[in-house]
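Remarks on the structure that follows.
The chain is numbered in sequence order, starting from 1. Note that this is a predicted model, so its numbers are computed, not measured.
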Amino acid sequence: EVQLVESGGGLVQAGGSLRLSCAASGFTVDPYAIGWFRQAPGKEREGVSCISSSDGTTYYADSVKGRFTISRDNAKNTVYLQMNSLKPEDTAVYYCAADWGNSGSYLLDLPADYDYWGQGTQVTVSS
């Protein structure tokens, strides 16, 4: 069974850090671009970051650039999102998704292009 499972969410004060994990099973993440998206109540799903399948190029939304870092460990079949200097506006459910064989910043804007999605993990940043 193909699965993506996010973990690492929680409640943190503004300025704090969290590291989200996206563990894949049933397939290997190596040939997939992996994206992180978030959705806050009443808002549309927003692309946060993605890492390409080919050369590991990373892309970030302007709102998180300089604060978030995406990385992948193909040996562990896992992708991470390190989130530092968190702000209350980062509060959302965070999802990871896998897109076979693609790369490019456009993937932040095309959630429909992704093949697999996780169930999401809640991140709450208090002020």
Side-chain angles (χ1 to χ4, degrees):
E1 180 185 7
V2 170
Q3 273 192 316
L4 288 171
V5 179
E6 303 94 336
S7 61
L11 173 64
V12 64
Q13 289 188 330
S17 298
L18 286 173
R19 188 177 81 154
L20 305 184
S21 298
C22 172
S25 60
F27 71 106
T28 56
V29 297
D30 188 39
Y32 287 80
I34 304 295
W36 283 97
F37 293 80
R38 67 186 180 186
Q39 189 164 19
K43 295 188 177 181
E44 292 187 356
R45 189 167 295 191
E46 173 192 18
V48 174
S49 180
C50 63
I51 185 165
S52 70
S53 60
S54 55
D55 57 5
T57 303
T58 57
Y59 305 92
Y60 299 94
D62 288 342
S63 58
V64 306
K65 204 170 291 183
R67 300 188 298 121
F68 290 11
T69 303
I70 190 171
S71 61
R72 64 194 302 159
D73 186 338
N74 290 338
K76 293 184 177 180
N77 223 26
T78 299
V79 174
Y80 305 96
L81 185 68
Q82 177 67 43
M83 306 187 297
N84 299 328
S85 303
L86 283 161
K87 305 175 181 180
E89 51 264 43
D90 295 318
T91 295
V93 178
Y94 283 71
Y95 301 87
C96 66
D99 186 339
W100 190 87
N102 288 319
S103 64
S105 61
Y106 75 94
L107 288 174
L108 289 175
D109 301 319
L110 283 177
D113 206 55
Y114 287 77
D115 303 296
Y116 307 122
W117 287 84
Q119 82 291 346
T121 186
Q122 176 71 46
V123 170
T124 303
V125 184
S126 63
S127 57

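Under the 4.5 Å side-chain criterion, counting only non-hydrogen atoms from C-beta, Trp100 is not in contact with Ser53. Here the side chains of Asn74 and Thr28 are not in contact, with every heavy-atom distance at 4.5 Å or above. Counting only heavy atoms from C-beta outward, the side chains of Tyr32 and Phe27 approach each other to under 4.5 Å. The shortest distance between side-chain heavy atoms of Leu110 and Asp99 does not fall below 4.5 Å. The closest side-chain heavy-atom distance from Gln82 to Ser17 is below 4.5 Å. The closest side-chain heavy-atom distance from Leu11 to Gln122 is not below 4.5 Å.
Contact record, Leu18 with Val12: CD1-CG1, 4.0 Å, taken as the closest heavy-atom pair. Smallest separation of non-hydrogen atoms from Glu46 and Ser63: OE2-OG, 3.4 Å. The heavy-atom pair separating Val48 from Val64 by the smallest distance is O-CG2, 3.6 Å. Closest of all the heavy-atom pairs between Ile34 and Ala98 is CD1-CB, 3.7 Å. Between Asp90 and Arg67, the shortest heavy-atom distance links the atoms OD2-NH1, 2.8 Å. Here the closest heavy-atom approach between residue Ala92 and residue Arg38 is recorded as CB-CB, 3.8 Å.
Under the 3.5 Å distance criterion, the side-chain polar atoms of Arg72 are matched with a main-chain donor or acceptor of Ser52.
Taking the six-membered ring for Trp and thresholds of 30 and 60 degrees, Trp117 and Tyr95 have ring planes more than 60 degrees apart, a perpendicular arrangement.
Cys50 contributes atom SG, which lies 11.0 Å from atom CG of Asp113 (distance to the nearest 0.5 angstrom). Going from atom CD of Glu6 over to atom OG1 of Thr78 covers 11.5 Å, rounded to the nearest 0.5 Å. Distance check: Gln13 CD to Ser127 OG gives 9.5 Å after rounding to the nearest 0.5 Å. Distance check: Thr124 OG1 to Leu86 CG gives 10.5 Å after rounding to the nearest 0.5 Å. With rounding to the nearest 0.5 Å, the separation of CG in Leu20 from CH2 in Trp36 is 4.5 Å. Note that OH of Tyr114 and SG of Cys96 are 10.5 Å apart. Values are rounded to the nearest 0.5 Å.
There is no path of hydrophobic side-chain contacts, each under 4.5 Å, that joins Phe68 to Phe37. Transitive grouping of hydrophobic side chains (ILVMFWY, heavy atoms separated by less than 4.5 Å) keeps Leu107 and Val79 in distinct clusters. There is a path of hydrophobic side-chain contacts, each under 4.5 Å, that joins Val123 to Leu4.
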Test side chain to side chain contact (heavy atoms under 4.5 Å, CB included) on Ser49 and Leu81; report intermediate values, then the result.
CA-CA 8 Å; Ser49 180; Leu81 185 68; 4.1 Å; yes
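A 6.0 Å sphere centred on NZ of Lys43 holds no more than 12 heavy atoms belonging to other residues, nucleotides or ligands.
For residues 46-67, no residue pair satisfies the ring-ring contact (aromatic ring centres under 6.0 Å, His included) rule, not counting sequence neighbours.
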